Number of protein chains: 2
Amino acid sequence: MASSMVAPRAFIQQQNLVEQVADYLTQAIIQQHFLPGERLSEVQLSRDLGVSRAPVREAARLLESRGLLISKPRRGFFVRALNAVELEDVFDLRLCLERHAIDRLAERYTPEAQRALKQQVEVLCEAAAGNDGTRRIEEDLQFHRLMLHYAGNERLLRAFDDLTHELRLCITLITKTHEAPDTIATSHFMLLDALNSGSPAECREAIDYHIGVARKFVVKGVGETGDSSDEDSADEDVLSR
Amino acid sequence: MASSMVAPRAFIQQQNLVEQVADYLTQAIIQQHFLPGERLSEVQLSRDLGVSRAPVREAARLLESRGLLISKPRRGFFVRALNAVELEDVFDLRLCLERHAIDRLAERYTPEAQRALKQQVEVLCEAAAGNDGTRRIEEDLQFHRLMLHYAGNERLLRAFDDLTHELRLCITLITKTHEAPDTIATSHFMLLDALNSGSPAECREAIDYHIGVARKFVVKGVGETGDSSDEDSADEDVLSR
DNA sequence: CGATTGCCGACTGTCGACAGTTTTACCTCA
DNA sequence: TGAGGTAAAACTGTCGACAGTCGGCAATCG
């Protein structure tokens, strides 16, 4: 995985079955090997992966907290299916988080942050030129993650990471519609320019535009596939507690 | 609910052991029966609660995702201890979420929302007059949760709920400093007035002031207890992934 | 006397098994 | 042929057990 980064201990990490299972499930869901709404059998999974049910269950709970799975008592785990409204909500929250992040970032735009972001945009442009759609998405998300990181609020970053799992889900789910490499490049350079200008208003405008474009892309896509995921859950669960 | 906490009680109802254990742990942590940084033994807990280790582990993972526990591989689960910086981050994220929420709420301020919020403020005022500090906090949080709810973004509400667990943790941890009932009342009526005015700027100002006050209260409190929770984790885990 | 090494207890990670429940398949009957 | 009921199959929730690992303590060595 590219550049400097902190060498993440490539040593033997044969442990952590839970995490391994979670990674496997995440990949499988994103790559549509499990369809939205599909039921996951614990025994089936444990057989396939050659582990017992305990780590599978714990991994499933982890994915549930990340919004990729939904558990129904006595029924098991189901792949999360986002409907149009939920999709809008995800992008609205993303807008909320990134607006705040870019506000903070503009106040503490260190040369290090500037350099890192610029480099990441270059990596992204390179990825956009290639054919690997998944990598393009990952580099794009990584750019935004860097923005959140340099905004200097760990908790804010965690909220973004939580959201990213769902974001990745619905983005990958749609990504037949390829954005042109130029569009991606200019769209991100606009953000850098806004940050360089130091004007909060300009930053706000840039991020609103940026996310608005992404939102349109995905929402348009989901209109085609159009899954609603509603079955019997007619009642509202809000307001409880 | 009572103070007889040490006695673990065989409140073993039939189903949903995980949720019951999670609730028990949450209460125990908030009420400081487990101190920040303390290690939780799975076998001890399972013995005390009269259940096996599986539901305890799953509940612990749930609390970990809520930020109340931290798991160290091969070491077990530890009660989360927030240092001053993390506390600031929590309130900064809260500000981020509530700003966005009040913006949206101002755009769709239905009579129903208006009525519900007003009623909740009254409940809060009543609670503030009483002696039960925990209830006052809960009613306060419930008011803000209602704001988020009527903002009409389920995902935003979920992010707030996630944050609330940590918020509750550090608020309750500090709450020797009682806010005066009048202060609480006026502080919330200001929010209602701002919403009634329909002015986004006024709403923004009100929520900034409101959360700023709460933040000062809590941060001041943590300065006294002053736990840092840092031990050996000198390395940064950000930027990974 | 201080540092190192080996041992011991405690604990976590994981597993296979059992009981209760839900789903499904089949069989009967109108 | 379709509807309804019943029994089997499959699955989840939970449990107790085993193995590998971690931290502490004591004995040993410099």
Side-chain angles (χ1 to χ4, degrees), chain A residues 9 11-26 28-29 34-35 37-65 68-80 229 231-234, chain B residues 8-25 28-29 34-35 37-65 68-81 229-235:
Chain A
R9 207 180 317 178
F11 281 67
I12 38 168
Q13 188 138 4
Q14 195 52 272
Q15 303 170 1
N16 265 16
L17 277 193
V18 173
E19 203 137 340
Q20 287 179 259
V21 173
D23 285 348
Y24 169 81
L25 284 180
T26 303
I29 291 173
F34 297 125
L35 298 177
E38 186 176 341
R39 176 180 185 173
L40 297 188
S41 162
E42 296 177 5
V43 285
Q44 180 88 21
L45 281 173
S46 56
R47 261 200 300 264
D48 291 350
L49 298 178
V51 299
S52 96
R53 279 176 49 218
V56 171
R57 283 179 61 89
E58 295 191 17
R61 288 214 173 262
L62 186 61
L63 286 245
E64 182 190 13
S65 78
L68 294 184
L69 294 181
I70 291 181
S71 85
K72 301 185 181 180
R74 296 278 176 192
R75 298 284 319 278
F77 291 91
F78 297 78
V79 178
R80 173 91 177 276
S229 85
E231 295 171 1
D232 47 1
S233 60
Chain B
R9 302 174 50 175
F11 53 29
I12 356 161
Q13 293 180 356
Q14 50 275 22
Q15 283 171 331
N16 262 9
L17 278 193
V18 173
E19 202 138 338
Q20 291 183 51
V21 174
D23 285 349
Y24 168 81
L25 284 180
I29 291 172
F34 297 125
L35 299 177
E38 185 175 342
R39 176 180 184 174
L40 297 188
S41 162
E42 296 177 5
V43 285
Q44 182 86 22
L45 281 173
S46 56
R47 261 200 300 264
D48 291 350
L49 298 176
V51 298
S52 99
R53 278 176 53 218
V56 171
R57 282 179 63 88
E58 295 191 16
R61 287 214 173 261
L62 186 62
L63 287 245
E64 183 190 13
S65 79
L68 295 184
L69 294 181
I70 291 181
S71 85
K72 301 185 181 180
R74 294 279 173 195
R75 295 290 320 282
F77 291 91
F78 296 78
V79 178
R80 173 90 177 278
S229 85
D230 272 345
E231 296 171 0
D232 47 359
S233 60
D235 55 337

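Throughout, protein chains are lettered first and strands after them, A, B, ... in sequence-line order, and every chain is numbered starting at 1. Quick caveat: nothing in here was measured; it's all calculated off a predicted structure.
- The separation between B:F78 atom CZ and D:dG23 atom C1' is 11 Å, rounded to whole Å.
- Residues meeting the side-chain contact (heavy atoms from CB on, under 4.5 Å) test with B:E58, sequence neighbours left out: A:R57, A:E58, A:R61, B:V18.
- The distance between atom CD of B:E19 and atom C1' of D:dG13, rounded to the nearest whole Å, is 14 Å.
- Taken from CZ in B:F78 to OG in B:S71, the straight-line distance is 9.5 Å, to the nearest 0.5 Å.
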Pairs: protein N or O with nucleotides 18-20 of chain D N or O, under 3.5 Å:
none

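- Here the CD1-CG distance, from B:I70 to B:L63, works out to 12.0 Å after rounding to the nearest 0.5 Å.
- Closest to the side chain of B:R75, from the set D:dC15, D:dG23, D:dT12, is D:dG23.
- Closest-nucleotide positions on DNA chain C for A:G50 and A:P73 were compared, and the one nearer the 5' end corresponds to A:G50.
- Counted within 6.0 Å of CD on A:E19, heavy atoms from surrounding residues, nucleotides or ligands total 12 or fewer; the atom is thus considered open.
- Between B:R57 and C:dT12 there is no side-chain polar atom (N or O) within less than 4.0 angstrom of OP1 or OP2.
- Distances were taken from every side-chain heavy atom of B:V43 (C-beta onward) to each of D:dT14, C:dC15, C:dC11; the shortest belongs to C:dC11.
- Not one side-chain nitrogen or oxygen of A:S52 sits closer than 4.0 Å to the OP1 or OP2 atom of C:dT14.
- In this structure, CD of A:Q20 is placed 13 Å from C1' of C:dT14, rounded to the nearest angstrom.
- Atom CG of B:L49 and atom P of D:dC15 are 11 Å apart (whole Å).
- Residue B:R39 has no polar side-chain atom (N or O) positioned under 4.0 Å from OP1 or OP2 of D:dG23.
- Taking atom CG of B:N16 as the reference point, atom P of D:dT12 lies 15 Å away to the nearest angstrom.
- Atom pair B:D48:CG and C:dC11:C1' shows a separation of 15 Å (rounding to whole Å applied).
- Checked against side-chain contact (heavy atoms from CB on, under 4.5 Å), B:L40 has the following partners two or more places apart in sequence or in another chain: B:L25, B:F34, B:L45, B:L69, B:V79.
- Rounding to whole angstrom units, CD of residue B:E58 and C1' of D:dT12 are separated by 11 Å.
- Residue-to-nucleotide proximity on DNA chain D shows that, of A:Q44 and A:A54, the 5′-proximal contact is made by A:Q44.
- Taking atom CG of residue B:L62 and atom P of nucleotide D:dG13, one finds them 14 Å apart after rounding to whole Å.
- With A:R75 contributing its side chain and A:R39 its backbone, the two residues share no donor-acceptor pair below 3.5 Å.
- Note on B:L40: only backbone sugar-phosphate atoms sit closer than 4.0 angstrom, heavy atoms only; bases stay farther off.
- Looking at heavy atoms from C-beta onward, B:D23 lies out of side-chain contact with B:Q20 at the 4.5 angstrom threshold.
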